[in-house]
Amino acid sequence: MKKLILSVLVALTVVATVFAGGASESQSASSQDSNTLTVWAWDPNFNIAALRAAEALYQQDHPDFSLNIVEYVYNDIQTMLITAAEAGNLSTLPDIFLMQDYQFHTYANRYPEVFTSLNDSGIDFSQFTAGKTADSNVNGNQYGVPFDNSTTIFAIRKDIVEEAGFTVEDFMDITWDQFIEQARVVKEKTGHPMITISGGSEIIIEILQSAGSGSPVVNGELNIADNEVLYKAFEIYKTMYDEGILVDYTDWNEYIASMNNGVTGGVIQGCWILASIEAAADQSGLWRIVNIPRLGDVEGATNYANIGGSSWVVSGNANTELAIDFLRSTFASSTELYDQVLAENSVIASYLPAADSELYGSEVEFYGGQSVYADIVEFAGNVPAIDYGNWYNEIRDALNVALTNIVQNGADIRSEMQAAEDTARFNIGL
Amino acid sequence: MSRKGKLTLERKLSLTGWAFLLPATLLILIFSFYPMVQAILLSLKAGRGAQAHYALTNFTRLLQDQTFRQCLFNTIFYFIVQVPIMLILALVLAVLLNNPRLKGKAIFRTMIFLPCATSLVSYSMIFQSLFSTNGFINVLLTGLGLEPVRWLEQAWPARIVIVIALIWRWTGYNMVFYLAGLQNIESSVYEAATIDGASPVQQFFKITVPLLKPTILLTAIMSTAGTLQLFDESMNLTSGGPGKATMTIAHYIFETSFVMTPNFNYSAAMSVFILVSVAILSAIQMKIGDKRD
């Protein structure tokens, strides 16, 4: 009998040991200490660098304050938010996290408890670019403090277009038809494509946004199958792809290399791509920034869009007072901070007063003396607001499949648009 | 008295046995079976939180979902093409390596097994860069005077890349099972066969394959389960693309849970579908493979 008792005891000990690990970790991930904030963010050279600068700034008045920055790629942040919300246990969440702008509507509608409304935070949101502020405003609640400026730019290699007999100005304020005509000449005379991209549907999304309110993809209802703007966007893409004006790289590193190695005559992307372009120091003076082409025959179409920005969120498990005060004193009021992160990390602000500083107006040598930062903030002011409702990912995914079929398999654009609408509708009708 | 004593001894022995089984059993029950039962319950529910109710909508939805159909096709394609090639290759390699006259056996064995020791994510990334537009494979093809292929941007080449990657990664793993099985076959059997004039090919088909049957069955069932649950390659090597041309069911389950607007009920329903498919396929394989008596 002794042996039996012993073996049962051993068994229970083993089981208990296995579970012991879990218990000690069940504490809150957000900081218990009243002077520390836990923050989740990605990209050490961009977002996290800005956090460090903000921490140093806040420490000037609050010497005991510190940030506990945990680096996660965005997909992991997303997974952890969903897991916490579905489990109904928010204790794993940090005080502040960074979130992609396009996902606020999806998550704030489904899991409002994950967010803290900033309506009464004392932050003046009219000081941020309107498009971005709208992205994180859900059901009348402001859930995000806009951070980086994500205006779409068209970066151009001056030497390559000049070799083909054009000037940089020839690519400013033009339509897609004009662009394709000129890009053909560039391709013919120099052999360079005018655009490289990675993962095609981004440019479709940007064209849709630049077209303004004329024919939105979501208009209370899904409007994909009969959307003339979308049809034109697909047509433009297919023409450019077939003629080699545009090259798509599946691999992100190859995409960046296409700029740094002088393969491409230009690139259309959110302005955060500048840091990657500037990595090729030997190309200093060769690049210029213009706005993107517009749809010529669509009323109200503009030369402006944005893509891939993010905003700060105070979580539903935060030391709310401290978190809000930190954001209000740094990202929502300090032009000094924005000057520093622009100079050190090429972070362009969506905080409008930042653009008035001397640094923003300065001429940048890499772009041949063009005052690119001021130009980009000016572009940002013209970006039309676009609303995908709660279904950005579903729509983007359906458009991506359609684009692949159109470009790779030569499928008919109309029938692919119908299929995309059916797929998106199916995925939305949960 | 004596009767009672005997019973106690018997019971004692059996209880000791159960006590040893207890920890593992408990852990499996709590961490494997309990979540499985919960997943099945989840798959039978519709709605979230307080509005959740039992309904079969997730399974009827499964039948109408075009994306699911595409992912199912991809998964079955990997299964039908990759599993036989891999198992045959593993068997041939195992037989070659089992040759007592082969020199440097340990080196070859290590080299073939090494891919299994690499992380799924890192090998996927390496294959991605090998097969990228300006990658090593295309450089090689151009060097040989052939046309480069846009591997990861077209449906069929992308699927083939996944199959090649899977074969590279898993052949060594299965080979080790065969090697272990071959060690258990008496060399005297082969000696006798050689004396009777059986050729190596005859020996392979008449001795090796029949005697290895239990091992072959084991690897076939493991590969079936593994392929139907395939995730890492689809996620990391091709991101399911181009379009949805290489996405597996497991990857689609991840998408509906964590990328799209979360729908865990539907994801659970798809998981149940995989579970049932694996069970059915394994049962068929056991029926065909296991012909003892």
Side-chain angles (χ1 to χ4, degrees), chain A residues 1 3-15 17-19 75-76 78-83 85-86 88 103 106-107 109-111 199-200 247-251 253-254 257-258 263 390-394 397-398 400-405 407-409 419 422-423 426-430, chain B residues 8 11-13 15-27 30-31 46-49 57-58 61 64-68 70 125 128-129 131-135 150-155 158 237-245 247 254-266:
Chain A
M1 211 52 194
K3 255 189 203 162
L4 175 62
I5 293 169
L6 191 69
S7 47
V8 170
L9 277 179
V10 169
L12 289 176
T13 322
V14 171
V15 174
T17 321
V18 171
F19 287 102
N75 289 343
D76 287 353
Q78 196 181 327
T79 309
M80 289 185 291
L81 291 181
I82 296 174
T83 310
E86 285 286 339
Q103 280 193 317
T106 309
Y107 289 134
N109 266 314
R110 200 173 167 87
Y111 310 121
V247 179
D248 184 4
Y249 294 98
T250 331
D251 184 44
N253 294 326
E254 273 191 288
S258 74
V263 172
N390 298 341
W391 313 107
Y392 180 90
N393 275 341
E394 281 77 2
D397 197 61
N400 207 8
V401 173
L403 185 66
T404 306
N405 290 339
V407 172
Q408 301 293 352
N409 311 334
D422 294 344
T423 310
F426 182 83
N427 286 330
I428 289 168
L430 293 173
Chain B
T8 320
R11 198 187 275 169
K12 213 175 165 179
L13 283 175
L15 279 179
T16 315
W18 279 109
F20 274 114
L21 282 176
L22 192 68
T25 315
L26 270 183
L27 290 177
I30 295 170
F31 289 113
R48 192 180 156 249
T57 43
N58 295 315
R61 184 181 162 82
Q64 296 156 359
D65 190 345
Q66 296 295 330
T67 315
F68 178 76
Q70 169 80 60
M125 304 299 282
Q128 190 187 41
S129 90
F131 283 93
S132 64
T133 316
N134 297 324
R150 293 178 71 89
W151 290 102
L152 301 175
E153 281 141 56
Q154 293 164 291
L237 213 170
T238 59
S239 313
K244 299 262 183 260
M247 190 177 277
F254 175 78
E255 291 257 316
T256 52
S257 305
F258 295 112
V259 180
M260 301 298 164
T261 307
N263 187 352
F264 284 93
N265 299 327
Y266 186 47

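The structure presented is a predicted model; accordingly, all values stated were derived computationally and were not measured. Each chain gets a letter, A, B and so on, in the order its sequence line appears, and its residues count up from 1. No hydrogens, no waters, no symmetry mates; every other heavy atom, side chains included, goes into these values.
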Worksheet, complete the sentence: Taken to the nearest 0.5 Å, the spacing of I428(A) CD1 from M260(B) CE works out to 10.5 Å

Worksheet item: Side chains of T261(B) and E394(A): is there a donor and an acceptor less than 3.5 Å apart?
Response: yes

Worksheet item: Can you name the closest pair of heavy atoms from E255(B) and D397(A) and give their distance?
Response: OE1-OD1, 4.3 Å

Worksheet item: Nearest heavy-atom pair of K244(B) and V401(A): which atoms, and what distance?
Response: CG-CG2, 3.7 Å

Item to complete: For each of Q154(B), R150(B), Q128(B), tally heavy-atom pairs with chain A at distances under 4.5 Å, and name the one with the top tally.
Response: R150(B)

Fill in: T57(B), part contacting chain A, at a heavy-atom distance under 4.5 Å
neither

Worksheet item: So, for F264(B) and E86(A), which heavy atoms are closest and what is the spacing to 0.1 Å?
Response: CE1-CG, 3.2 Å

Worksheet entry | Top contributor to chain B interface from D248(A), N409(A), N253(A) [non-hydrogen pairs under 4.5 Å] | D248(A)

Worksheet, complete the sentence: When the 4.5 angstrom heavy-atom criterion is applied to T423(A) and chain B, the contacting part is side chain

Response to the item:
If one checks every heavy atom of E153(B) against chain A at 4.5 Å, the contacting part turns out to be both

Item to complete: Any chance you could measure F254(B), atom CZ, to T79(A), atom OG1, to the nearest 0.5 Å?
Response: 5.0 Å

Worksheet item: Which atoms of T67(B) come close to chain A, meaning under 4.5 Å heavy atom to heavy atom: side chain ones, backbone ones, both, or neither?
Response: side chain

Practice prompt. Please answer whether the main-chain N or O of N134(B) pairs with a side-chain N or O of E254(A) as donor and acceptor at a distance below 3.5 Å.
Written response: yes

Practice prompt. Quick one: pull up CG in D422(A) and CD in Q66(B) and give me the separation to the nearest 0.5 Å.
Written response: 8.5 Å

Item to complete: Measure Y107(A) against the heavy atoms of chain B and call it side chain, backbone, both or neither at under 4.5 Å.
Response: side chain

Worksheet item: How far apart are the closest heavy atoms of F258(B) and Q78(A), and which atoms are they?
Response: O-NE2, 2.7 Å

Worksheet entry | Atom group of D65(B) that falls short of 4.5 Å from chain A, counting heavy atoms | both

Discussion item. So which atom in T404(A) and which in P242(B) form the shortest heavy-atom distance, rounded to 0.1 Å?
Written reply: CG2-CB, 3.3 Å

